[in-house]
> 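A single structure is presented below for examination.
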There are 2 protein chains.
Amino acid sequence: MKPRTTIRDVARKAGVSVGTVSRVVNGHPSVTEAKKRAVLQVIAELGFRPDAAAQSLRRGTNRTLGVVIPDLRNPFFAELMQHIELRAKERGYSVLFASSDEQADSEAELIANLARRKVEGVVLVPSNRAERIANPDGVRLVVVDRRIAGHPFVAADHRAGARMAAEYLVSLGHRRIACLSGPENSFVARERLAGFMDVMAPRLAEAGLDPASCIISAPFDYEGGREAAKALLADDGPRPTAVFACSDQQAIGVLRTAFDRRITVPDRLSVVGFDDILISDLVAPRLTTAAQPLAAIANCATDLLIGGEPLDAAASHIFPCAMVLRETCAPPL
Amino acid sequence: MKPRTTIRDVARKAGVSVGTVSRVVNGHPSVTEAKKRAVLQVIAELGFRPDAAAQSLRRGTNRTLGVVIPDLRNPFFAELMQHIELRAKERGYSVLFASSDEQADSEAELIANLARRKVEGVVLVPSNRAERIANPDGVRLVVVDRRIAGHPFVAADHRAGARMAAEYLVSLGHRRIACLSGPENSFVARERLAGFMDVMAPRLAEAGLDPASCIISAPFDYEGGREAAKALLADDGPRPTAVFACSDQQAIGVLRTAFDRRITVPDRLSVVGFDDILISDLVAPRLTTAAQPLAAIANCATDLLIGGEPLDAAASHIFPCAMVLRETCAPPL
DNA sequence: ATGAAAGCGCTAACAT
DNA sequence: ATGTTAGCGCTTTCAT
């Protein structure tokens with residue numbers, strides 16, 4: 001790594017002062033056209049790039065955003081990350097990424113490290129266990145997907161989305177509908193379950209059924225769905241004719257178990273997922289799901305941080321979901 | 001954002017000089033136990049964290065790695081990214097992420113930006129079109145997944161992996177085997193195709209068949225596989241009894257098309273993928289594939305960068321693939 | 001073992 | 001419009 005070209009080198013070669021070079025670089029208006037051209041010329045010749053550390057030290061900020069996400073192996077998070085980085089790049093920002101691995105207690109540490117690095121803000125997708133966030137450095141923070149008291153959050157309307165999914169299943173004629181919920185300590189899981197219950201509770205009560213009997217909790221991933229489905233689709237007792245899974249990954253896991261058990265979807269079992277990750281359109285049969293507007297969420301969170309507006313809870317944004325009807329649902333036999 | 005606590009604040013409160021505080025922070029040995037304790041105490045009280053920009057300016061480096069990847073929506077890349085970040089974090093490094101969106105010409109720009117930010121090195125997964133890399137800043141660079149002249153690269157042995165896959169299909173008794181290759185300008189695609197041909201060329205020659213007749217190129221993603229399979233599985237002429245797809249995503253796309261065409265897998269069509277992404281174990285039927293040792297690749301690339309060893313082409317590492325036998329292959333009828 | 005002080009490269013305030 | 005300069009927070013040499 002050769003010694004970097006500095007602003008002094010440029011100044012010397014262009015026969016101007018460092019101040020002028022700085023002004024040119026930062027587009028300050030009061031520089032004559034002639035000098036500006038000369039400086040730009042030298043900058044190009046020398047391949048000068050301002051040292052980000054020096055700028056950061058001087059300005060106290062450095063056009064960088066932090067993103068803390070539980071796990072990129074979850075395609076929903078990976079897609080979110082991709083959208084965030086894209087938007088940030090469009091606006092001239094770079095992205096520092098850190099995964100929390102679903103360890104709630106590591107999140108504070110990660111955020112503190114980002115603060116140390118002078119990020120202008122951080123997008124946090126909290127792990128399930130996170131109830132609140134230690135943010136001693138007062139970093140600008142936007143919470144995505146899950147609500148955390150006292151912070152602005154940007155998310156889909158999980159509850160309304162789940163309601164739509166349940167209503168859709170009911171409209172198809174299903175009555176025995178199971179809900180494959182997420183981890184019990186998860187805000188998202190609770191919201192989606194609540195949406196499901198908004199629709200189902202009255203019906204269950206009418207039929208004199210215990211709501212608990214049609215709910216099962218499992219991790220949001222493929223494996224969680226696959227395992228939970230084994231219980232749901234057991235041969236004892238009346239099997240549900242439809243299941244609403246709280247994530248597409250879970251739903252795909254359900255599809256997997258149904259396939260293993262030779263339960264054809266959608267003929268003998270309808271399945272609805274939640275998220276609309278890319279793979280959902282490729283599995284066989286294609287997954288019907290409540291789609292989150294991922295790009296809108298990512299862009300909103302990013303813009304909030306970059307915009308510099310005050311980030312109180314009033315800055316929160318909730319986006320509606322939309323049902324994407326594909327091939328995993330049909331009226332019960 | 002309150003004004004940061006600086007090293008001076010700590011020094012004043014602890015009644016020592018800034019030099020001593022710095023020595024304590026950096027674990028320099030020549031500090032008496034008593035002062036060390038006092039300083040540590042004050043650091044804890046004040047919640048002091050050294051300013052990364054100042055350290056970076058002074059040291060010329062800042063415990064940060066850059067990662068440039070085409071697209072996180074590709075689960076293979078997302079998993080790779082997750083592994084890299086994990087390893088980097090273990091070693092006390094942070095990760096700046098940038099996606100190139102498969103634009104070869106944007107890679108140089110992204111790397112230059114990372115250089116400006118004083119990363120200690122960058123892991124680059126080049127886009128298909130990249131033939132060589134402009135690296136005017138002399139950044140430490142490790143190329144992952146594909147070979148680029150003049151740079152150390154870390155990757156699976158694509159060719160040998162493809163050979164294994166083809167051999168496996170042959171050993172099952174298949175003769176009409178199609179290769180669903182990647183984009184023609186892709187190094188990885190060419191390597192895997194070459195591995196396939198190592199096995200198939202002699203057989204094809206013997207049968208007097210044109211090798212081109214059993215090869216089709218498509219993007220590495222789900223959609224590419226799905227579309228290519230439509231041609232491969234057309235009803236005119238003898239259909240292949242097996243398909244070797246150059247990525248799991250493609251393979252899953254093939255499964256999708258086969259399902260649509262009512263061609264049962266593996267009975268009437270065997271499918272082998274390449275990569276072993278997480279979803280491959282969940283699709284129905286489960287995908288048989290040539291698995292890349294993802295964690296090993298990610299760790300190796302990360303360690304190479306952090307280790308500070310010279311990064312010539314001799315630093316390259318090739319890891320063997322392993323066949324993962326699941327449910328998409330059977331002898332031909 | 002410790003303190004004092006010189007910068008790292010840049011921006012912005014001040015002077016001209 | 002442009003040059004000069006202080007100083008952002010830190011590490012590290014040089015004295016002591």
Side-chain angles (χ1 to χ4, degrees), chain A residues 1-40 42-43 46-64 112-113 115-120 137, chain B residues 1-40 42-43 46-64 112-113 115-120 137:
Chain A
M1 179 105 65
K2 58 178 174 238
R4 284 192 66 75
T5 313
T6 80
I7 205 171
R8 301 184 110 84
D9 301 328
V10 176
R12 188 165 338 110
K13 183 149 182 196
V16 299
S17 74
V18 294
T20 300
V21 176
S22 176
R23 280 183 275 259
V24 170
V25 169
N26 297 295
H28 189 101
S30 50
V31 181
T32 49
E33 203 51 41
K35 295 216 164 177
K36 183 148 130 190
R37 254 202 313 280
V39 169
L40 254 14
V42 174
I43 285 177
L46 264 35
F48 167 75
R49 299 258 181 178
D51 181 306
Q55 288 183 316
S56 177
L57 181 56
R58 185 58 229 234
R59 302 208 260 231
T61 183
N62 58 8
R63 302 206 136 234
T64 304
N113 180 45
R116 206 173 80 71
R117 296 181 120 94
K118 293 276 201 303
V119 296
E120 253 157 79
D137 302 272
Chain B
M1 180 108 62
K2 59 179 172 234
R4 284 192 67 72
T5 314
T6 78
I7 203 172
R8 303 184 106 84
D9 302 329
V10 177
R12 189 167 334 112
K13 184 150 183 197
V16 299
S17 74
V18 295
T20 300
V21 177
S22 175
R23 281 183 272 260
V24 170
V25 169
N26 297 293
H28 189 101
S30 49
V31 180
T32 49
E33 203 52 41
K35 294 216 164 177
K36 183 148 129 189
R37 254 203 314 279
V39 170
L40 254 13
V42 174
I43 285 177
L46 264 34
F48 167 75
R49 299 256 181 180
D51 181 305
Q55 288 184 315
S56 176
L57 181 57
R58 187 57 230 236
R59 305 209 259 229
T61 184
N62 57 8
R63 302 208 136 231
T64 303
N113 179 45
R116 207 172 80 71
R117 296 180 120 96
K118 292 277 201 306
V119 296
E120 250 156 82
D137 302 271

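Labels below follow one simple rule: chain letters A, B, ... track the order of the sequence lines, proteins then strands, and each chain is numbered from 1. Side-chain atoms are counted along with the backbone in the values below, which use heavy atoms only and exclude waters and symmetry mates.
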> Side chains of residues 9-16 of chain A: which donor-acceptor partners sit under 3.5 Å, not counting sequence neighbours?
unit_1: Asp9(A); atom_1: OD2; unit_2: Thr6(A); atom_2: N; d: 2.8
unit_1: Lys13(A); atom_1: NZ; unit_2: Glu45(A); atom_2: OE1; d: 3.0

> Near DNA chain D, which residues from residues 18-34 of chain B have a heavy atom under 4.0 Å away?
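Result for residues 18-34 of chain B: Gly19(B), Ser22(B), Arg23(B), Asn26(B), sorted by number.
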> Please report the interatomic distance CG(Leu57(A)) to CG(Leu57(B)), rounded to the nearest 0.5 Å.
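Going from CG on Leu57(A) over to CG on Leu57(B), the span is 5.5 Å.
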> Tell me whether the OP1 or OP2 atom of dT2(C) has a side-chain N or O from Lys35(B) closer than 4.0 Å.
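Yes.
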> Ser56(B): what forms a side chain to side chain donor-acceptor pair (under 3.5 Å) with it, not counting sequence neighbours?
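Partners of Ser56(B) by the side chain to side chain donor-acceptor pair (under 3.5 Å) criterion come out as none, since no residue qualifies.
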> Taking side chain to side chain contact (heavy atoms under 4.5 Å, CB included) as the test, write out the residues that go with Ala38(B), two or more places apart.
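Ala38(B) satisfies side chain to side chain contact (heavy atoms under 4.5 Å, CB included) with no other residue.
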> Nearest heavy-atom pair of Pro50(B) and Gln55(B): which atoms, and what distance?
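In this case the closest contact between Pro50(B) and Gln55(B) is CB-NE2, 3.5 Å.
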> List in chain and number order the residues that pass side chain to side chain donor-acceptor pair (under 3.5 Å) with Thr64(B), two or more places apart in sequence or in another chain; answer none if no residue qualifies.
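Thr64(B) satisfies side chain to side chain donor-acceptor pair (under 3.5 Å) with Arg117(A), Asn62(B) once adjacent residues are dropped.
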> Report the distance from atom CD1 of Ile43(A) to atom P of dG9(C), rounded to the nearest whole Å.
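It is 16 Å, rounded to the nearest whole Å.
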> Using rotation axes that map the C1' atoms of four end pairs onto the next four (five pairs an end), what angle separates the end axes of the helix from dA1(C)-dT16(D) to dT16(C)-dA1(D), to 10°?
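Rounded to the nearest 10 degrees, the bend comes out at 40°.
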> Whole Å only: how far is the CZ atom of Arg116(B) from the C1' atom of dG9(C)?
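To the nearest whole Å, that distance equals 12 Å.
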> To the nearest 0.5 Å, what is the distance between CZ (Phe48(B)) and CD1 (Ile43(B))?
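Those atoms lie 6.0 Å apart.
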> Arg49(B): which residues meet the salt bridge (charged side-chain N to carboxylate O under 4.0 Å, His left out) condition with it, sequence neighbours left out?
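Expected list: Glu109(A).
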> Quickly work out the Asp9(A) CG to dC10(C) C1' distance and round it to whole Å.
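Result: 13 Å.
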> Give every donor-acceptor pair under 3.5 Å between a side-chain atom in residues 22-32 of chain B and any protein atom, sequence neighbours left out.
unit_1: Ser22(B); atom_1: OG; unit_2: Asn26(B); atom_2: ND2; d: 3.3
unit_1: Asn26(B); atom_1: OD1; unit_2: Arg59(B); atom_2: NH1; d: 3.3
unit_1: Asn26(B); atom_1: ND2; unit_2: Ser22(B); atom_2: O; d: 2.8
unit_1: His28(B); atom_1: NE2; unit_2: Ser30(B); atom_2: OG; d: 3.0

> How about Asp137(A) and Arg4(B): do any of their side-chain heavy atoms sit closer than 4.5 Å?
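Yes, close enough: below the 4.5 Å cut-off.
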> Please list, pair by pair, any protein nitrogen or oxygen found under 3.5 Å from a nitrogen or oxygen in nucleotides 6-9 of chain D.
unit_1: dG7(D); atom_1: N2; unit_2: Arg58(A); atom_2: NH1; d: 2.9
unit_1: dG9(D); atom_1: N2; unit_2: Ala54(B); atom_2: O; d: 3.4

